[in-house]
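Note sheet for the following structure.
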Amino acid sequence: MPPFPVKYYRGMPMTPSTRESAPGAAIPVMPAPLSRLGRTLVLLAIAVTPLLVLPPRVGFINALDTPRRLLLLAIAGALAALLVLAWGRRGRLVWRWHPLDLPVGLFTLAVLISAVAGAYPAISLWGPLWNHDGLLYLVTMVLLYVGAKHFLPTVADVERAAAAAVLAGGLVAVIGLADFLAVALHLPGYPGLSPAFSGLRLVATLGNPMFTGTYLAMLIPLGMGAGLAATSPQRRAALLGAVLVMLPALLLTQARAAWVGLAVTIPIFLWMVGKVPGRHRALTRAAWAALLAGGILVVAIALVMPAVRQRVASMVNMEDATVGTRLVYMTGAARAFGERPVQGWGIGAIRAVFPQFRPASTAREQGMALDRGYSTAQPHNLPLQLLAETGLLGFAAFGWLIVSAFIAGGRLFTGAPRPASLALGLLGLLTAYLATNLFTFDNAVTLSGCWLALGLLAALSAADRPLAAPLSRASARGVTLAGVVILLGTLLHVGTELTASALTLSATRHLARAGALLGRDPQGAFAALDAAERALRRSLPFTARPGWRGMEAGDVKTYQIWTKVLRTRLDWLKPDPTPESFAAFLSRNTAEYDRTATRFAAVTARGLRLLDRDPFILRDLAQQHLQDAKIAVGLADETRLLAATTRAHAAIETLHRFEPFSAEVYLLEADLAGIQGMKAHDNTAAALSAYAEAEVYADRATTIDPTFPEAFAVLAAYQNEQVARGSADTPNLVLAICRNYARAEQLGLALSQEDLLVYATNLFLAGQVSDAIRTGARLEPERRAALKDQVRRIFRVYQRPAAEVERTLTLLDAGEPAPATPPAPARPLVERR
């Protein structure tokens, strides 16, 4: 029962503060059908969202989170519509007021201000939900808070909602444990819920062990509080049993952030347990018993599984790769905040601005160095993300919201036992959420769990308040119509999001089919590319929508895929870059190539307008223009060459501003300089100057990222171009070429036949004959014949005996075992910012 004296009107509680002074002027209750429907929708959001998952690439671009986001959006919009419809039926605007409403409203306002004043207001305000963390995503969560507060008005309703959340968490844990064991036992034909983690870490229905760990860490304290509040022994046993199942599941996720979050939460939770009023204190023994049993189980699993012990040990290892990536993310977010400390860059903008502020680093994620064109959507730290995206404005409002939530929950500890126990669980959930998100980030399940918990906490002590005088009949009908419009608008928007996602996914499938068909059915491959482009064109009305005051908003993912489709088509239309093939190429494909190139330029420009600058689109654009420039060199077309190099230079300069620490961008700069060297092939001085410039850029790439093997190969290639043109620095360049190719192979690069030929030739020039023979033996016959010609010329220049020449050529044909490659020290990392 509520912690304050109540009177009832038509079976519903009404606090003294909400009664009007005039007799018979009590506020009408929400119509029963709308109340039941709203309560059902809130419970659906709580219980079904964690279980909603599709296999990768089935139905959505982001199958991991899109279905949940769209379900939550639909539910949130329906709850808002039901609330407005209830106002129309009541004939009065009534709001269930709680002190949390003010910080929630101010936080939403602060986020709106940061979006309007941010770097990409169109995307923050109007970006598509299924691929973006913009304002619509936050509004969805705020509406879930409002819905929980309004449609769960009694303690019994809140208790049911908490129980639904905990039991859903127990089911997720059971599914995860069953999946983990099935993969570990190698059941025939069972692929696992997430092949990327199968047999290694528990993922369950959330698809990622990091998200699963956060979710379980949040629900464990909620389960303890709900168990204390339960009046039925059976319900209490079920809730504590769910907690018991979630503990080993949490351990097997090996999500270290979640371990830390729960470890921080447990002592705070146990301290708060002592604040629960008198007659419930005896029930804390059940909580202690469940925690003890779970602790024993956790220790047993840790003893049996070495992988778990290693993850625990890595938490304090500052050399751990994951720790290194987290530091890069957090440092980048802190620098971004320093540039815009008041309003931030705008909600959802961290992924766009992160490359500008990431520190130079050798840390790698998903096999790619963070200096090499890799961008992240999240800094893996909630406070830093808030500061970077919303500035001090949003961070202060969110901090006020959290402090207010703990104050509101603490006040309930002085009231009745049941709401106090529920408040205990909800505050424990918030504690785990905040502590865990110091090292990770949200998905739809964990973020909605936080906002629903705030709504349930507010529901325990909210009170109805009239917002205005009773409505006239005409005004009531207008309000009812507004509710219908909100509901229809929500359904329309969800349908739009579904359609956009489905069409974009269809395009990616056609693109994959085109690649599979190219070798055996070129005509079918081009037809698949046409089908992909048609799907993307159909998706434009849904993903690129005109926004407020002419701002154009859209999904840059559509344009990323579209540029990939067109670039693939251009690549297939292009010949080998040899002079002999250009005439035949132009006679067959010039018109089609020009039409495709025009579409590519238009699509890329549209995509860049939608997100000002995007590293992936810009890189595609720069590479395309560089390829166009190489064709222009082969055609000796000065006009075409100037246009292509000018466009490439503009794209690369933008990339330098956007990604100042990317080694890949410096390689693009090196290629641009190298094209000038190709153009000046008849002018030795000009060619040497161009290739020396290319060498400088390639060397910068190896300095920024000394783990980038391709950069060392490119550096060696441009150094060799200078040797081939008789550079005065040839002795030093030859040794450098050998070192750079050796470094590239040490880093795991399989050298191309052309690179192997250059490598072996320079080894002969350096006098490293044994290594040169071993390298040359790896060449194909045609390349080996070219190497033999080089050897004859080199030995003739050095006046070596004919017998030695023949013996060397014989050994080159016979080959020798490749020697063990000696380790080379890593180049020191230079901080470029």
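Worth knowing before you read on, the calculation uses all heavy atoms, side chains too, and leaves out hydrogens, waters and symmetry mates.
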About how many Å separate [atom2] of [Y] and [atom1] of [X], when rounded to the nearest 0.5 Å?
X: C450; Y: L454; atom1: SG; atom2: CG; result: 5.0 Å
X: L252; Y: D179; atom1: CG; atom2: CG; result: 11.5 Å
X: I486; Y: L85; atom1: CD1; atom2: CG; result: 8.0 Å

With distance as the sole criterion, is a donor-acceptor pair present between the side chains of N437 and Q385 under 3.5 Å? no
Looking just at side-chain N and O atoms, do D157 and T154 make a donor-acceptor pair shorter than 3.5 Å? yes
Less than 4.5 Å apart, any side-chain heavy atom of [X] and any of [Y]?
X: D133; Y: Q378; result: yes
X: F269; Y: V264; result: no
X: W259; Y: L251; result: yes
X: M224; Y: L228; result: no
X: T253; Y: R201; result: no
X: Y137; Y: I347; result: no
X: N381; Y: P383; result: yes
X: S448; Y: L72; result: yes

Are L239 and R235 close enough, and set up right, to give a side-chain contact (heavy atoms from CB on, under 4.5 Å), and what steps lead you there? CA-CA 6 Å; L239 292 171; R235 178 180 291 185; 3.9 Å; yes
Would you name the heavy atoms of R68 and L206 that are closest together and state the gap between them? NH2-CA, 3.4 Å
Of all heavy-atom pairs between V245 and A173, which one has the smallest distance, and what is that distance? CG1-CB, 3.7 Å
When you measure from the side chain of H98 to the backbone of A463, do you find a donor-acceptor pair of N or O atoms at a distance under 3.5 Å? no
Could you please spell out the steps behind the side-chain contact (heavy atoms from CB on, under 4.5 Å) verdict for L384 and Y329? CA-CA 10 Å; L384 284 175; Y329 298 151; over 6 Å; no
As a quick check of understanding, evaluate salt bridge (charged side-chain N to carboxylate O under 4.0 Å, His left out) for R69 and E497, giving each step before the final call. CA-CA 10 Å; R69 292 186 181 211; E497 301 281 2; over 6 Å; no
Give every donor-acceptor pair under 3.5 Å between a side-chain atom in residues 427-435 and any protein atom, sequence neighbours left out.
residue, atom, partner, partner atom, Å
T431, OG1, L427, O, 2.8
Y433, OH, D442, OD1, 3.3
Y433, OH, D442, OD2, 2.7

Sort and list the pairs that fulfil ring pair (Phe, Tyr, Trp, His ring centres under 6.0 Å) and have at least one residue in residues 206-227, not counting sequence neighbours. F211-F441
For the pair K149 and D101, find out whether any cationic side-chain nitrogen is under 4.0 Å from an anionic carboxylate oxygen. yes
Please work out whether the ring planes of F107 and F398 are parallel, tilted or perpendicular, with thresholds of 30° and 60°. tilted
